[in-house]
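Report on one structure; see the data block that follows.
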Amino acid sequence: MKDLPFIIRAPNPVSAATWISENHPLLETQLDHSGAVLLRNFASNAIEHFREVVHLLCDGGLKYVYRSTPRTDLGDGLYTATEYPAGLSIPFHNENAFQREWPLLLLFFCMQPAEDGEGQTPLADTLKVTSRIDPAIRKAFSAKHVMYIRNYRPDIDLPWQTVFQTDSKQAVEAFCAEREIEYEWTPAGNLRTRQVCQSFASNPRTGDSVWFNQAHLFHPSSLTPATREAMEELLDINDFPRNATYGDGSPLEESALAGIRQAFEQESTQFHWEEGDILILDNMRVSHARTPFRGQRRVLTAMGRPFRPEYHPPV
């Protein structure tokens, strides 16, 4: 049964931070059980109260460096949710699964829901998604892992200064060297990186091995047909803003990627945002997405509990 998220409604007029302070073990137990908890109808929907929750659960939010989407930094580890146009959907993913380090905890705060219940944040149990993916696909990814190729340009996607949150090439090079990210500077002064990362990862909260990568997001097959066609007319595949291959550089089968997307959709469950909602996710247990919307929508996010397991390259 698709029962995400588990909803906790305020028992009396109390702030979410106060309730968490008094019921922290209960919250953690429920996170272990379902992976997604929605706090609803608590006393205040002010951003300051969300900061208190982030401080309590995350010891302050993590910095969003080596980012893949545009966001606005609101300070103290708070960011806007991905600022893609309202008419676009965002596919299912686990936050920062295209890296070798990621947050274990992900928080969302709804300041303003979109019109007519649009702009939802669909959820999917990642363990169930994993079991739905064809065993042959799982075997291929497990053996080869995933390589992410990124080209950072100011005219397409994100420039490297935004991604790495610095204007210093030396700082970028140091960041990449520490994380085994291959990099090269193009004659035009742009940056290209390659990194091989895991296809599966073990959740330290549960011990479960789950599908944990963003191959289906980075691959050009994630683009709309019109966008992909236009990009192929303008750029060589090696110059695409982002791409994904197997870890040995061999191409990913588009039929496999379609099967992966289908597995996420088969486990998709949705809820309608209400003003003041706080959604708390186990980032490895539950993946998330975004549906299109009209008008205004304001959802904030924060990340906590950094996790950097030892990486074992494919044999």
Side-chain angles (χ1 to χ4, degrees), residues 5 8 15-21 23-24 27-28 31 35-40 42-84 90 93-113 121 123 158-168 171-172 174-175 178-179 201 203-205 212 214 273 275-290 297-309:
I8 297 176
S15 73
T18 298
W19 185 89
I20 291 171
S21 297
N23 297 275
H24 190 249
L27 176 61
E28 294 292 339
L31 271 176
V37 175
L38 182 70
L39 303 181
R40 174 164 285 174
F42 282 81
S44 175
N45 58 7
I47 188 173
E48 290 76 14
H49 288 82
F50 183 52
R51 292 185 196 274
E52 293 178 13
V53 171
V54 172
H55 179 75
L56 280 171
L57 296 179
C58 305
D59 193 24
L62 300 179
K63 294 294 184 182
Y64 190 47
V65 180
Y66 194 41
R67 61 182 62 183
S68 65
T69 59
R71 302 172 187 256
T72 299
D73 187 344
L74 302 175
D76 299 324
L78 272 61
Y79 295 86
T80 57
T82 295
E83 295 174 350
Y84 279 165
I90 298 176
H93 62 285
N94 301 84
E95 202 66 31
N96 287 10
F98 65 94
Q99 303 184 33
R100 296 184 188 176
E101 55 189 305
W102 52 84
L104 292 176
L105 203 63
L106 189 62
L107 282 71
F108 293 94
F109 173 51
C110 181
M111 296 189 70
Q112 180 182 356
T121 300
L123 305 175
L158 300 175
W160 61 264
Q161 294 90 338
T162 298
V163 171
F164 292 92
Q165 292 292 285
T166 180
D167 293 321
S168 167
V172 171
F175 182 97
E178 181 185 351
R179 291 161 177 80
N203 187 336
R205 291 184 74 103
F212 203 77
Q214 290 190 13
W273 282 114
E275 185 178 348
D277 280 352
I278 295 178
L279 177 65
I280 305 168
L281 300 182
D282 176 334
N283 183 42
M284 296 191 69
R285 173 71 181 274
V286 176
S287 52
H288 63 281
R290 191 198 76 181
R297 174 187 187 266
R298 186 165 176 79
V299 175
L300 308 185
T301 187
M303 304 180 294
R305 302 180 188 175
F307 184 54
R308 189 175 181 178

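Sequential numbering from 1 along the given sequence is applied to the chain's residues. Computed from heavy atoms alone, side chains included, the values below leave out hydrogens, waters and symmetry copies. This is a predicted model, so every value here is computed, not measured.
Residues His288 and Leu281 have side chains in contact (heavy-atom distance under 4.5 Å, counting atoms from C-beta outward). Between Leu279 and Val299, every side-chain heavy-atom pair lies at or beyond the 4.5 Å cut-off. Annotation: side chain of Leu105 is in contact with side chain of Ile280 (closest heavy-atom distance under 4.5 Å). Looking at heavy atoms from C-beta onward, Met284 lies in side-chain contact with Pro204 at the 4.5 angstrom threshold. At least one side-chain heavy atom of Arg71 sits less than 4.5 Å from a side-chain heavy atom of Thr301. Under the 4.5 Å side-chain criterion, counting only non-hydrogen atoms from C-beta, Leu123 is in contact with Pro5. Counting heavy atoms from C-beta outward, Tyr79 and Leu74 have side chains that stay 4.5 Å or more apart. The shortest distance between side-chain heavy atoms of Leu78 and Phe109 does not fall below 4.5 Å.
Not one N or O on the side chain of Asn283 forms a donor-acceptor pair closer than 3.5 Å with the backbone of Leu106. The backbone N or O of Trp273 lies less than 3.5 Å from no partner atom in the side chain of Asp277, so there is not a single donor-acceptor pair. For the pair Asp282 (side chain) and Arg285 (backbone), a donor-acceptor distance under 3.5 Å is present.
Summarising the geometry, atom CG belonging to Asp76 is positioned 12.0 Å from atom SG belonging to Cys58; distances are rounded to the nearest 0.5 Å. If you take CZ on Phe42 and CD1 on Ile278, they are separated by 8.0 Å, rounding to the nearest 0.5 Å. The CZ atom of Arg298 sits 12.5 Å away from atom CD of Glu275, with the distance rounded to the nearest 0.5 Å. Here the CG atom belonging to Leu62 is positioned 5.5 Å from the CE atom belonging to Met303, to the nearest 0.5 angstrom. Atom CD of residue Gln214 and atom CG of residue Asn94 lie 7.5 Å apart, to the nearest 0.5 angstrom. Rounding to the nearest 0.5 angstrom, the gap separating the SG atom in Cys110 from the CG atom in Leu38 is 9.5 Å.
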side-chain contact (heavy atoms from CB on, under 4.5 Å) evaluation trace for Phe212 with Asn96
CA-CA 9 Å; Phe212 203 77; Asn96 287 10; over 6 Å; no
Quick one: do Tyr84 and Ile90 satisfy side-chain contact (heavy atoms from CB on, under 4.5 Å)? Show the steps, please.
CA-CA 8 Å; Tyr84 279 165; Ile90 298 176; 3.8 Å; yes
Test side chain to side chain donor-acceptor pair (under 3.5 Å) applied to Thr18 and Ser15, step by step:
CA-CA 5 Å; Thr18 298; Ser15 73; 2.9 Å; yes
Could you walk me through whether Phe175 and Thr166 pass the side-chain contact (heavy atoms from CB on, under 4.5 Å) test, one step at a time?
CA-CA 11 Å; Phe175 182 97; Thr166 180; over 6 Å; no
Please evaluate residues Leu104 and Trp102 with respect to the criterion side-chain contact (heavy atoms from CB on, under 4.5 Å), reporting the C-alpha separation (whole Å), side-chain torsions for both, the decisive distance (0.1 Å), and the verdict.
CA-CA 7 Å; Leu104 292 176; Trp102 52 84; 4.1 Å; yes
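Between Glu101 and Lys63 no salt bridge is recorded (no basic side-chain N to carboxylate O distance below 4.0 Å). By the 4.0 Å N-to-carboxylate-O rule, Glu178 lies too far from Arg100 to be salt-bridged with it. At a threshold of 4.0 Å, the pair Arg67-Glu83 does not count as salt-bridged, since none of the basic side-chain nitrogens sits closer than that to a carboxylate oxygen.
Pairing each heavy atom of Arg205 with each of Leu31, the nearest pair is NH2-CB, 3.7 Å. Across Gly77 and Ala302, no two heavy atoms sit closer than the pair O-CB, 3.5 Å. When all heavy atoms are compared, the tightest approach of Leu56 to Ala17 is CD1-O, 3.3 Å. Nearest approach of Phe50 to Leu300, heavy atoms of both residues: CE2-CB, 4.2 Å. Arg297 approaches Thr121 most closely through the heavy-atom pair NH2-OG1, 3.4 Å.
In this structure, Phe98 and Tyr66 have tilted ring planes: the angle between them lies in the 30° to 60° band.
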